[in-house]
Amino acid sequence: MNFSKSDLLQQLKELLSAEAAILQRSVESAAEAATHPEAKPENKYDTRGLEASYLAGAQQERLAELKGALVLLQNLQLRSFNPDDAIAVTALVALEQEGEEA
């Protein structure tokens with residue numbers, strides 16, 4: 001295997017950061033939709049504003065989870081392993097099945 005753990009970690013951070021940026025825009029859009037004057041219910045069965053509010057809340061929770069994961073990754077200490085060491089957090093493992101390595 002020709003993988004660098006630090007490169008993989010950096011790629012993961014970049015991927016989560018990009019996802020968080022997209023989700024942040026979605027949260028803002030859903031919150032705006034929930035509070036927009038057109039979202040005001042026209043009758044007791046009109047739930048557009050309420051649905052947009054639920055969506056914004058769920059997206060905000062997911063964004064908080066992503067930000068938490070990014071903090072964990074920022075503080076993750078990569079450990080060096082010897083071939084005989086037990087597998088643990090930050091170990092990079094090669095698997096071989098039917099002659100193919102993954």
Could you work out, with side-chain contact (heavy atoms from CB on, under 4.5 Å) as the rule, every residue matching Glu28, not counting sequence neighbours?
Gln24
Counting neighbours of CD on Glu32 that are heavy atoms of other residues, nucleotides or ligands and sit closer than 6.0 Å, is the number greater than 12?
no
Quick one: does any side-chain atom of Lys5 pair with a main-chain N or O of Thr90 as donor and acceptor, under 3.5 Å?
yes
Above 12 or not: heavy atoms from other molecules or residues under 6.0 Å from CD of Glu14?
yes
If every non-hydrogen atom of Leu23 is compared with every non-hydrogen atom of Gln59, which pair is closest and at what distance?
CD2-O, 3.8 Å
Linking I/L/V/M/F/W/Y whenever their side-chain heavy atoms sit closer than 4.5 Å, directly or via other members, would Leu66 and Leu12 fall into one cluster?
yes
So if you build clusters from Ile, Leu, Val, Met, Phe, Trp, Tyr with side-chain heavy-atom gaps below 4.5 Å, do Leu9 and Leu15 land together?
no
Treating Ile, Leu, Val, Met, Phe, Trp and Tyr as nodes and any side-chain heavy-atom pair under 4.5 angstrom as an edge, say whether Leu16 and Leu76 lie in one connected cluster.
yes
Taking the side chain from Ser17 and the backbone from Lys13, do they hold a donor-acceptor pair closer than 3.5 Å?
yes
Is a donor on one side and an acceptor on the other found under 3.5 Å between the side chain of Asn75 and the backbone of Leu72?
no
So CD of Gln60 and OG of Ser26: to nearest 0.5 Å the spacing works out to 11.5 Å
Kindly compute the distance separating CG (Leu50) from CG (Leu55), expressed to the nearest 0.5 Å.
11.5 Å
Looking only at heavy atoms, what is the nearest atom pair of Ala56 and Ala31, with distance?
CB-N, 3.8 Å
Check for me, please, whether Leu70 and Leu8 land in the same ILVMFWY cluster - side-chain distances under 4.5 Å, paths through other members count.
no
So, using side-chain contact (heavy atoms from CB on, under 4.5 Å) as the criterion, who are the partners of Ala88 when residues are at least two apart?
Arg79, Phe81
